[in-house]
Amino acid sequence: MSVSFNHTIVHARDNRESARFFAELLDLEITAEWGPFVAVDLDNGVTLDFATVPEKDIATQHYAFLISEEEFDAAYARITARGIEHWADPRQTRPGEINRNDGGRGVYFLDPAGHAMELITVPYGGR
């Protein structure tokens, strides 16, 4: 049997705002809305299904995305153009920087619901 990751639900204060933020930042499409969900498709068939929940029920999660160098350049340009606070590290001790780990680049930032988002160009452990 083959096991593939299909989707995850991302809690948000406003499902449309969070889905739009993510889709615009990474040049993706909002592909569906049904019930409480607004879906954004990733290239590997996985969807992020954003759902509005009460703010008290949002537990900060970490979401890391492997993207190409070109996609990183475009996303990082959007991050800086929009004045989105970002860091080179998950502990947020290196503000306004990117990291260069494992032969690639990475950056951390928060989405509108406070989730810790990470963009990397090389998986941990190198190419």
Side-chain angles (χ1 to χ4, degrees):
M1 180 170 115
S2 174
V3 177
S4 298
F5 188 68
N6 179 263
H7 72 277
T8 193
I9 296 171
V10 181
H11 289 174
R13 288 188 283 276
D14 178 321
N15 58 358
R16 286 178 184 81
E17 174 191 31
S18 288
R20 188 173 40 255
F21 171 86
F22 184 78
E24 288 175 357
L25 193 67
L26 291 177
D27 197 27
L28 298 171
E29 297 290 324
I30 293 175
T31 55
E33 289 191 40
W34 66 96
F37 305 111
V38 177
V40 176
D41 285 354
L42 305 180
D43 290 338
N44 57 351
V46 172
T47 63
L48 299 180
D49 299 342
F50 292 87
T52 300
V53 299
E55 188 164 355
K56 66 178 181 54
D57 294 337
I58 298 174
T60 299
Q61 299 293 313
H62 174 82
Y63 298 94
F65 301 93
L66 180 63
I67 61 177
S68 71
E69 291 288 339
E70 294 79 19
E71 290 164 329
F72 187 92
D73 289 339
Y76 190 67
R78 291 182 195 105
I79 288 169
T80 57
R82 294 178 185 182
I84 297 171
E85 193 171 13
H86 60 281
W87 303 268
D89 63 312
R91 294 181 187 240
Q92 303 175 355
T93 64
R94 296 175 49 201
E97 297 180 36
I98 64 170
N99 66 54
R100 298 181 183 279
N101 296 328
D102 293 319
R105 296 181 290 164
V107 66
Y108 297 83
F109 57 95
L110 302 178
D111 83 340
H115 295 298
M117 301 295 201
E118 177 183 9
L119 304 178
I120 57 173
T121 61
V122 172
Y124 288 109
R127 297 187 190 270

Trainee: Between Leu119 and Ala75, which heavy-atom pair has the shortest distance, and what is it?
Mentor: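 Where Leu119 meets Ala75 most closely, the heavy atoms are CD1-CB, 3.7 Å.
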Trainee: To the nearest 0.5 angstrom, please state how far the CZ atom of Phe72 sits from the CG atom of Leu66.
Mentor: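 Between Phe72 CZ and Leu66 CG, I get 11.5 Å after rounding to 0.5 Å.
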Trainee: Among pairs that include at least one residue of residues 2-24, which meet ring pair (Phe, Tyr, Trp, His ring centres under 6.0 Å), considering only residues two or more places apart or in two chains?
Mentor: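 Only Phe22-Phe65 qualify under ring pair (Phe, Tyr, Trp, His ring centres under 6.0 Å).
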Trainee: Give every residue pair that meets the salt bridge (charged side-chain N to carboxylate O under 4.0 Å, His left out) criterion with at least one member in residues 31-40, sequence neighbours excluded.
Mentor: Arg16-Glu33
Trainee: Could you state whether Ile84 and Ile98 fall into the same hydrophobic cluster, counting links through intermediate Ile, Leu, Val, Met, Phe, Trp or Tyr residues with side-chain heavy atoms under 4.5 angstrom apart?
Mentor: yes
Trainee: Sorted by first residue and then second, give each ring pair (Phe, Tyr, Trp, His ring centres under 6.0 Å) pair with at least one member in residues 84-110; sequence neighbours left out.
Mentor: Tyr76-His86
Trainee: Tell me the closest heavy-atom pair linking Val38 and Ala19, and the distance in Å.
Mentor: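 Between these two residues, the closest heavy atoms are CG1-CB, 3.5 Å.
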Trainee: Mind listing the closest non-hydrogen atom pair of Asn99 and Val107 along with its distance?
Mentor: ND2-N, 4.4 Å
Trainee: With sequence neighbours excluded, tell me which residues meet side-chain hydrogen bond (donor to acceptor under 3.5 Å, both in side chains) with Arg100.
Mentor: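 Here no residue qualifies.
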Trainee: Sequence neighbours left out, what passes side-chain contact (heavy atoms from CB on, under 4.5 Å) with Asp73? Give chain and number order.
Mentor: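 Asp73 satisfies side-chain contact (heavy atoms from CB on, under 4.5 Å) with Arg105 only.
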Trainee: With Ala51, which residues qualify under side-chain contact (heavy atoms from CB on, under 4.5 Å), at least two apart?
Mentor: Ile9, Phe37
Trainee: For Tyr63, check side-chain hydrogen bond (donor to acceptor under 3.5 Å, both in side chains) against everything at least two apart and list the hits.
Mentor: none
Trainee: Return the minimal non-hydrogen interatomic distance between Ala23 and Ile30, and the atom names on each side.
Mentor: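 In this case the closest contact between Ala23 and Ile30 is CB-CG1, 4.1 Å.
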Trainee: For a quick test of reading the model, state the closest non-hydrogen atom pair linking Val122 to Asp102 and the distance between them.
Mentor: CG1-O, 3.2 Å
Trainee: Is the side chain of Ser18 donor-acceptor paired with the backbone N or O of Asn15 at a distance under 3.5 Å, no angle test?
Mentor: no
Trainee: Among pairs that include at least one residue of residues 37-59, which meet salt bridge (charged side-chain N to carboxylate O under 4.0 Å, His left out), considering only residues two or more places apart or in two chains?
Mentor: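 Every salt bridge (charged side-chain N to carboxylate O under 4.0 Å, His left out) pair that includes a residue of residues 37-59, provided the two are not neighbours, is Arg13-Glu55.
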Trainee: Flag yes if Ile120 and Ile67 sit in one hydrophobic cluster, no otherwise; membership is Ile, Leu, Val, Met, Phe, Trp, Tyr, and two members link when side-chain heavy atoms are under 4.5 Å apart.
Mentor: no
Trainee: So how far is it from Leu110 CG to Thr60 OG1, rounded to the nearest 0.5 Å?
Mentor: 8.0 Å
Trainee: In chain order, what residues pass the salt bridge (Lys or Arg N to Asp or Glu O under 4.0 Å) check against Glu17, with sequence neighbours excluded?
Mentor: none
Trainee: Provide the closest heavy-atom pair for Ala113 versus Ala12 in the form atom of the first, atom of the second, distance.
Mentor: CB-CA, 3.9 Å
Trainee: Listed by chain and number, what are the side-chain contact (heavy atoms from CB on, under 4.5 Å) partners of Glu24, not counting sequence neighbours?
Mentor: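 Listed in chain order: Arg20, Arg82.
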Trainee: Less than 4.5 Å apart, side chain to side chain, heavy atoms only: is that true for Val10 and Val40?
Mentor: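 No - every pair of side-chain heavy atoms lies 4.5 Å or more apart.
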Trainee: Distance from Gln61 atom CD to Thr8 atom OG1, nearest 0.5 Å?
Mentor: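 Spacing of CD (Gln61) from OG1 (Thr8) equals 8.0 Å.
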Trainee: With Arg78, which residues qualify under salt bridge (Lys or Arg N to Asp or Glu O under 4.0 Å), at least two apart?
Mentor: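 Once residues adjacent in sequence are excluded, Arg78 has no partner under the salt bridge (Lys or Arg N to Asp or Glu O under 4.0 Å) criterion.
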Trainee: Tell me the side chain to side chain donor-acceptor pair (under 3.5 Å) pairs involving residues 89-98, sequence neighbours left out?
Mentor: Asp89-Thr93, Arg94-Glu97
